[in-house]
Amino acid sequence: MSFGKKLFLQVLWCFSFIGLSSQTRSPYSFVVREAQYTRLCSTKSLLTVNGNFPGPTIRVHRGETIFVNVYNKGNYNITLHWHGVKQPRNPWTDGPAYITQCPIQPGRKFRQKLVFSLEEGTIWWHAHSDWARATVHGAIFVYPTKNTPYPFPQPHAEIPIIFGEWWNTDVNEVFTQSIETGGAPNISDALTINGQPGDLFPCSMTETFKLNVEQGMTYHLRVVNAAMNLILFFSVSQHNLTVVGADGLFTKPLTRDYICISPGQTMDVLLQANQEPNHYYLAARAYSSGVGVAFDNTTTTARVEYSGNYTPPSSLSLPYLPNFNDTGAAFDFITSLRGLPERYPRQVPTNTTTQIVTTISVNTLPCPDDRTCQGPNGTIFAASMNNISFDTPNINILEAYYYHINGVYKTGFPRFPPFIFNFTADFLPLTLNIPKQGTRVNVLNYGATVEIVFQGTNVVAGIDHPMHLHGFSFHVVGYGLGNFNQSKDPMNFNLIDPPYLNTVIVPVNGWAAVRFVASNPGVWFMHCHLERHQAWGMETVFIVKNGKASNETLPAPPPDMPPC
């Protein structure tokens with residue numbers, strides 16, 4: 001690229017979002033590098049941002065635009081994704097590897113623009129290449145515009161609660177081994193809260209995360225599930241929890257004695273310190289609905305410690321948590337969440353122009369003759385949407401779309417399942433196990449009103465799937481168990497106050513329906529946020545075409561896009 005063209009692109013990039021930010025801020029500096037951490041009685045090197053695990057918190061106000069300078073001083077390619085940031089007209093720095101950019105190679109840097117629009121509450125950022133996000137992640141606190149109050153009483157303090165998973169071995173080796181063998185990845189050795197396993201693990205008690213509270217005060221827990229493969233239940237002994245926000249938008253208050261949260265989801269939760277001064281456990285453990293699917297069944301804890309003069313107990317009791325396979329408890333929670341219509345960026349679409357029904361399935365592929373494979377019956381694990389297991393290209397799809405590079409992807413992702421069968425039957429023909437493979441994308445007209453029904457299946461193994469869409473949030477208008485009924489189920493859709501999320505839990509052997517307006521031009525990834533399923537191919541891409549006005553079109557790329 002010539003110097004003149006590069007300078008023009010840089011000027012265009014700098015001026016393409018004037019008016020979106022009310023102030024100029026210093027950029028964040030994210031240095032991706034290895035650091036030594038000790039957990040579970042052993043020390044290992046892990047990938048971090050700025051040496052921190054979890055990584056640094058980004059704090060912004062609604063509608064701001066900021067920059068993050070990302071320096072890769074690690075040993076592997078890396079990308080960073082700003083999960084829940086809509087990035088209007090800015091897919092270039094959204095972050096998923098080979099979807100919107102090529103990875104930042106070791107020794108290189110990338111200046112990433114984060115365009116906040118209507119987000120409020122808690123969202124997060126994480127690596128979006130291979131399994132690096134296990135340790136490369138952090139929270140984003142989005143405050144209301146200045147002098148605008150919360151839609152709930154001002155809390156006394158805010159406390160991040162970031163759930164994660166810890167492996168004693170290198171997570172890259174866990175990922176690589178699963179790809180090489182075709183089997184399921186090894187389960188984690190511990191769950192963590194803010195990087196700490198908690199009291200129930202060896203060599204951990206002195207470092208257990210502590211929430212120091214005063215009786216009578218209310219605390220804003222900014223909750224992130226950064227676990228790789230586990231939906232979680234969590235609760236606090238003898239305390240209720242009130243959800244007031246989810247996935248970066250405030251909600252109607254929902255008070256429960258436990259919460260269910262999937263990988264990718266974030267919540268704003270109020271904890272009222274209204275019990276006798278004492279020590280209490282905050283605890284989390286897995287919800288795993290897949291029959292015969294191995295999972296980390298440990299319990300992670302933090303301590304809620306009241307101030308005051310009292311003698312704390314020598315041991316604490318764990319709070320109530322539903323059983324690991326209690327689908328009823330999970331389904332009851334996720335279907336109870338309601339949105340705040342007055343905070344919606346737009347009303348719930350009542351008429352749709354584009355309807356998509358997609359199966360989401362775990363699959364298998366035949367093992368090549370020269371390999372030994374550890375998937376079911378000697379196969380290779382795969383996963384699919386509408387029976388297509390996504391092949392990630394080695395040139396990013398966004399640049400291929402923008403520069404009209406042929407051969408990188410194909411349009412025509414099916415808008416209806418290619419095979420109709422009893423998706424959730426207990427026994428299904430083995431012929432359904434093998435998907436097609438390809439890089440199929442969904443092309444949407446600008447302004448299309450889209451409805452997606454995610455239909456879970458019992459192919460190979462039924463399980464809950466947290467489905468995440470980049471570049472958008474969507475109204476979750478309906479859920480159900482069993483097979484979606486096109487003639488009956490839409491009559492029960494919630495078009496009044498559905499939650500407005502970016503990650504929806506599709507219940508095991510059930511379905512979820514979402515609606516959104518395709519008003520963000522560019523290339524946007526959609527995938528299961530269970531990391532093993534994404535690696536196996538449960539994903540697709542939406543290409544939203546340009547509109548007619550200048551503020552409805554995709555601008556030129558920044559001048560420092562990482563090369564492939």
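Quick note: numbers below take in every heavy atom, side chains included, and nothing from hydrogens, waters or symmetry partners. What you see is a predicted model; the values in this text were computed from it and never measured.
Without hydrogens or angle criteria, S289 side chain to V508 main chain gives no donor-acceptor distance under 3.5 Å. Judged purely by atom type and a 3.5 angstrom limit, S262 has no side-chain atom pairing as donor or acceptor with the backbone of I231. Looking only at distances, no side-chain donor or acceptor of E451 sits under 3.5 Å from a matching main-chain atom of V514. T359 places a side-chain N or O within donor-acceptor distance of the main-chain N or O of N386, the cut-off being under 3.5 Å. Side-chain atoms of D130 do not come within 3.5 Å of backbone N or O of A132 as any donor-acceptor pair. Here the side chain of N77 pairs no donor or acceptor atom with the backbone of P103 at under 3.5 angstrom. W82 places a side-chain N or O within donor-acceptor distance of the main-chain N or O of T93, the cut-off being under 3.5 Å. In terms of modelled atom types and a separation under 3.5 Å, the side chain of R133 and the main chain of M228 share a donor-acceptor contact. Checked by atom type and distance alone, the side chain of R343 never pairs as donor or acceptor with a backbone atom of F250 at under 3.5 Å. At least one donor-acceptor pair closer than 3.5 Å links the side chain of T181 to the backbone N or O of G183.
For the pair R222 and F141, the distance from NZ or CZ to the six-membered ring centre is under 6.0 Å and the angle to the ring normal is within 45 degrees. Cation-pi geometry between R111 and F67 is satisfied (NZ or CZ under 6.0 Å from the ring centre, within 45° of the ring normal). F472 does not carry R346 over the face of its six-membered ring by the limits of under 6.0 Å from the centre and within 45° of the normal.
Of all the heavy atoms in S384 and S389, the pair that sits closest is CB-N, 3.9 Å. Between I463 and H465, the shortest heavy-atom contact is O-CD2, 3.2 Å. The two residues G264 and D247 make their nearest non-hydrogen contact at O-OD1, 4.3 Å. Counting all heavy atoms, side chain and backbone alike, F390 lies closest to T540 at CD1-CA, 4.1 Å. In terms of heavy atoms, L495 sits closest to P349 at CD2-O, 4.1 Å. Residues F413 and T358 approach most closely at CZ-OG1, 3.9 Å, considering heavy atoms.
Defined by atom type and a distance below 3.5 Å, a donor-acceptor pair is present between the side-chain atoms of N442 and R415. Residues T65 and K113 have side chains that never bring a donor and an acceptor to within less than 3.5 angstrom of each other. For the residue pair N485 / S487, a side-chain donor-acceptor distance below 3.5 Å is found, with atom types taken as modelled.
Between V142 and I123 the shortest side-chain heavy-atom distance falls below 4.5 Å. For the pair I434/L365, a side-chain contact is recorded, criterion being any heavy-atom separation below 4.5 Å from C-beta on. Put simply, the side chain of P27 does not reach to within 4.5 Å of the side chain of I66, judged on heavy atoms. Annotation: side chain of L230 is not in contact with side chain of Y287 (no heavy-atom distance under 4.5 Å). Using a 4.5 Å cut-off on side-chain heavy atoms (C-beta onward), Y28 and I58 make contact. Residues V223 and F163 form a side-chain contact, since some pair of their non-hydrogen atoms from C-beta on lies under 4.5 Å apart. The shortest side-chain heavy-atom distance between K86 and S473 falls under the 4.5 Å cut-off. Put simply, the side chain of W125 does not reach to within 4.5 Å of the side chain of V68, judged on heavy atoms.
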Test side chain to side chain donor-acceptor pair (under 3.5 Å) applied to D268 and T122, step by step: CA-CA 6 Å; D268 294 276; T122 304; 2.6 Å; yes

Can N445 and K545 be said to form a side chain to side chain donor-acceptor pair (under 3.5 Å), step by step? CA-CA 5 Å; N445 290 324; K545 295 194 290 188; 3.0 Å; yes

Just do the side chain to side chain contact (heavy atoms under 4.5 Å, CB included) check on F30 and N69 with the steps written out, would you? CA-CA 6 Å; F30 276 23; N69 293 325; over 6 Å; no

Test T424 against N483 for side chain to side chain donor-acceptor pair (under 3.5 Å), laying out the working first. CA-CA 7 Å; T424 58; N483 297 326; 3.2 Å; yes

Run D497 and N494 through side chain to side chain donor-acceptor pair (under 3.5 Å) and show every step you take. CA-CA 7 Å; D497 60 354; N494 177 7; 2.8 Å; yes

For W511 and F423, run ring pair (Phe, Tyr, Trp, His ring centres under 6.0 Å): C-alpha distance rounded to whole Å, both residues' side-chain angles, the deciding distance at 0.1 Å, then the answer. CA-CA 10 Å; W511 57 270; F423 300 118; over 10 Å; no

What's the verdict on side chain to side chain contact (heavy atoms under 4.5 Å, CB included) for F516 and L444, showing C-alpha distance, side-chain angles and the deciding distance? CA-CA 12 Å; F516 67 96; L444 299 174; 4.3 Å; yes

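One finds the CG atom of L114 at 5.0 Å from the CD atom of Q87 (value rounded to the nearest 0.5 Å). Here CD1 of I397 is found 6.0 Å from OG1 of T439. Values are rounded to the nearest 0.5 Å. To the nearest 0.5 Å, atoms CD1 (I99) and OG (S129) are separated by 12.0 Å. Separation of atoms CD1 (I356) and CZ (F416) is listed at 12.5 Å; rounding is to 0.5 Å. Considering CG of N433 and CG of N387, their distance stands at 10.0 Å, rounded to 0.5 Å. Note that CG of L501 and CG of L337 are 6.5 Å apart. Values are rounded to the nearest 0.5 Å.
The side chain to side chain contact (heavy atoms under 4.5 Å, CB included) test with C102 is passed by exactly one of T79, N394, N396: N396. Each of E539, H470, H533 was compared with H527 under the side-chain hydrogen bond (donor to acceptor under 3.5 Å, both in side chains) criterion, and only H470 meets it. When W131, F175, F381 are each tested for a side chain to side chain contact (heavy atoms under 4.5 Å, CB included) with P185, only one passes: W131.
Within 6.0 Å of CD1 on I496 lie no more than 12 heavy atoms contributed by other residues, nucleotides or ligands.
Under the 6.0 Å cut-off for aromatic ring centres, F331 and F333 do not qualify, their centroids lying 6.0 Å or more apart. Two rings, from H137 and H83, have their centers 6.0 Å or more apart. Ring centers of W524 and F542: at least 6.0 Å apart, outside the cut-off. Centroid-to-centroid, the aromatic rings of Y402 and W92 come within less than 6.0 Å. Within the 6.0 Å centre-distance limit, the rings of H81 and H468 are counted as a close aromatic pair.
Taking the six-membered ring where the residue is Trp, H126 and H529 present perpendicular rings, their angle passing 60° and hence far from 30°.
Using a cutoff of 4.0 Å between basic side-chain nitrogens and carboxylate oxygens, R62 and E119 are not scored as salt-bridged.
Evaluation of the side-chain hydrogen bond (donor to acceptor under 3.5 Å, both in side chains) rule for Y344 yields no partner, not counting sequence neighbours.
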